[in-house]
Amino acid sequence: MKYNSFILFFVLSFLTVSCTDNLVDVGVGIQPASDGITVGADTFHVVTANVSIDSMTVKPDSFLLGSLYNEKYGSTQADILAQLEGPIGFKYPAGAVFDSTLLMLRCKSSYGDKNAPLDVNVYMMNKTFNFSSNYSTALNPADYVDFSNVPLGHNVVTARYSSGSVDSTIKVIKLSNSFTQKLCDQTTYTSESVFYKSVGGVYLKVNFGMSALLNISQLDLQAFYHYPVVRNGKDTIASAVLTFPANVTVRQVNRILHPDKAAVIAKLQLKDSVNYVSAPANIQTRIILPLARMKQQMDAKMVNKKLLLNSALINVEVFEADSSAYPLPVISHMLLIKESEIGDFFKNDKIPTGSNAVLGTYTVPTTGSNFYSFNVAKLLATEIKAAEANNTLLTDDFKNFKMRLVPVNVTYNSTGTTLTAVKQQSTMGAITICGGKKKTSPMRVHMVYSGF
């Protein structure tokens, strides 16, 4: 008996050596080891569809600003609402006189025409965000800005060059003298409430152009002033700058719109052999798996055996990347997740474990098409177990198990070995993938399972 057990262990190890992390028990049957092992493999077609995404809730690390039209994926318009951190407790030196106030934007990258002009208007926010609340990318700026007031300032900038700045990545917008005086009137910032009476935050909006989007990595308001001092026994004038940063201690929201999305989706639906994923918050792909039929097929082949789902592999083959005049970057990572769990996953900053979601990376093989790969064995096993426990195996949701491909930005620890954060992608990106109806290389799920 010990000898048979050893043989059983060896065979099981051999069968699953390449997918140990995805070996999942999905059944409750008990079978004597002497009956041997049965291995099954099946391929199931899936149904795919394009899904329009109106908005998302995300705290991005950078912010889009501008407007860009792409002939396939449509228009993207982006504004920025940013609170600024106040220098609480700071007191200006005696006799301080303000010279000017500048809004400094660091542009770490851009999309579209680098020479296209962007006329940026800056308005004062008259209402602040609640730091602990979540805000949608489709929020209404009129709830936070009084547009009857004149803009604080404006400037025409491009991605390539900005007048008035030595560093071409820095975009400078000079703010009005009246706003500068308002800052000067606050000689001491005793509390946040006092600070927000003078500087609630800023709203940045581009007035014209459909050719460029800036990716802003840093936004600071800088107040330049001078004051009298005595140095070495002589009266002199000292210059200084006080910075009000938009950082992680206060809230910023990137408002992102796709005004022609309905027409774009209608056009894309005409070609049902492929599907589309476009970020941020634009188009995603739904994948519907026939989970009930998959379980029935496994049960039929593994009668009275303990069932193990070794692998359930979905290879999402790339049909084409964007090839327009100003192509959007390829999406580097996508999350395959149960559709009903998307909101909770991102709201609570979860990490994919295989049983709640699966992360796929854009892969360029030495031969064949580029692809993203997802092994959803743990995720499907989790759903099957839950359905068995709740007696919901025959529900429509179980029969047509809906998942979604969501473009994401990922963060790893300093050694690059541990995934520390997964957020919905807030930068531009797009990809066209082979769908479930494609005659050659349609999207499918390849399953390997065993019973003993």
Hey, mind stepping through Tyr372 and Tyr362 against ring-ring contact (aromatic ring centres under 6.0 Å, His included) and telling me if it holds?
CA-CA 5 Å; Tyr372 305 83; Tyr362 182 73; 5.6 Å; yes
Ignoring hydrogens, what is the shortest heavy-atom contact between Pro117 and Val156? Give both atom names and the distance.
CB-CG1, 3.8 Å
Look at atom CG of Asn413 and say whether more than 12 heavy atoms of other residues, nucleotides or ligands are closer to it than 6.0 Å.
yes
Taking the six-membered ring for Trp, are the ring centroids of Tyr111 and Tyr326 within less than 6.0 Å of each other?
no
Heavy-atom check, side chain of Asp220 versus side chain of Leu102, under 4.5 Å:
no
What verdict does the salt bridge (charged side-chain N to carboxylate O under 4.0 Å, His left out) test give for Lys301 and Asp42, after you've listed the backbone C-alpha separation in whole Å, the side-chain angles of each residue and the deciding distance to 0.1 Å?
CA-CA 11 Å; Lys301 290 185 178 181; Asp42 286 297; 3.2 Å; yes
Dump the intermediate steps for salt bridge (charged side-chain N to carboxylate O under 4.0 Å, His left out) on Asp344 and Lys350, then the final yes or no.
CA-CA 8 Å; Asp344 179 70; Lys350 293 184 178 181; 2.6 Å; yes
Ignoring hydrogens, what is the shortest heavy-atom contact between Val422 and Pro352? Give both atom names and the distance.
CG2-CD, 3.7 Å
Gln83 side chain vs Phe129 backbone, donor-acceptor pair below 3.5 Å:
yes
Please check this pair: side chain of Thr48 against backbone of Gly436, looking for a donor-acceptor N/O pair closer than 3.5 Å.
yes
Has Glu192 got more than 12 heavy atoms of other residues, nucleotides or ligands less than 6.0 Å from its CD?
no
Sorted by chain and number, sequence neighbours left out, salt bridge (charged side-chain N to carboxylate O under 4.0 Å, His left out) with Lys59 holds for none
Looking at every non-hydrogen atom in both residues, tell me the closest pair between Ser52 and Lys261 and how far apart they are.
OG-CD, 2.6 Å
Is the distance between the ring centroids of Phe147 and Tyr123 under 6.0 Å?
yes
Work out which heavy atom in Thr43 is nearest to a heavy atom in His446; give both atom names and the distance.
OG1-ND1, 3.1 Å
Which atom pair, heavy atoms only, marks the closest approach of Asn126 to Val145?
OD1-N, 3.6 Å
Report yes or no: does Ser373 contribute a side-chain atom to a donor-acceptor pair with the main-chain N or O of Phe371 at less than 3.5 Å?
no
Taking all atoms of both residues into account, what is the closest heavy-atom pair of Asp61 and Lys423, and its distance?
OD1-NZ, 3.5 Å
Whether the side chain of Thr285 engages the backbone of Tyr276 through a donor-acceptor N/O pair (distance < 3.5 Å, no angle test) should be reported.
yes
Taking the side chain from Ser136 and the backbone from Ala138, do they hold a donor-acceptor pair closer than 3.5 Å?
yes
Would you please test Glu388 and Lys295 for salt bridge (charged side-chain N to carboxylate O under 4.0 Å, His left out) and show each step?
CA-CA 11 Å; Glu388 288 177 333; Lys295 183 181 186 303; 3.5 Å; yes
Has Asn254 got a side-chain atom pairing as donor or acceptor with Leu64's backbone, closer than 3.5 angstrom?
yes
Report the C-alpha separation of Ile53 and Ile283 in whole Å, then their side-chain angles, then the decisive distance to 0.1 Å, and conclude whether the side-chain contact (heavy atoms from CB on, under 4.5 Å) test is met.
CA-CA 6 Å; Ile53 306 302; Ile283 305 168; over 6 Å; no
Please determine whether side-chain contact (heavy atoms from CB on, under 4.5 Å) holds for the pair Phe195 and Ile88, giving the CA-CA distance in whole Å, both sets of side-chain angles, and the decisive distance to 0.1 Å.
CA-CA 8 Å; Phe195 169 68; Ile88 307 305; 4.2 Å; yes
Can any side-chain N or O of Tyr135 pair as donor or acceptor with the backbone N or O of Asn130 at less than 3.5 Å?
yes
Asn70 side-chain N/O to Tyr73 backbone N/O, donor-acceptor pair under 3.5 Å
yes
Does the side-chain hydrogen bond (donor to acceptor under 3.5 Å, both in side chains) test come out yes or no for Arg106 and Thr169, once each step is laid out?
CA-CA 6 Å; Arg106 181 174 290 278; Thr169 67; 3.0 Å; yes
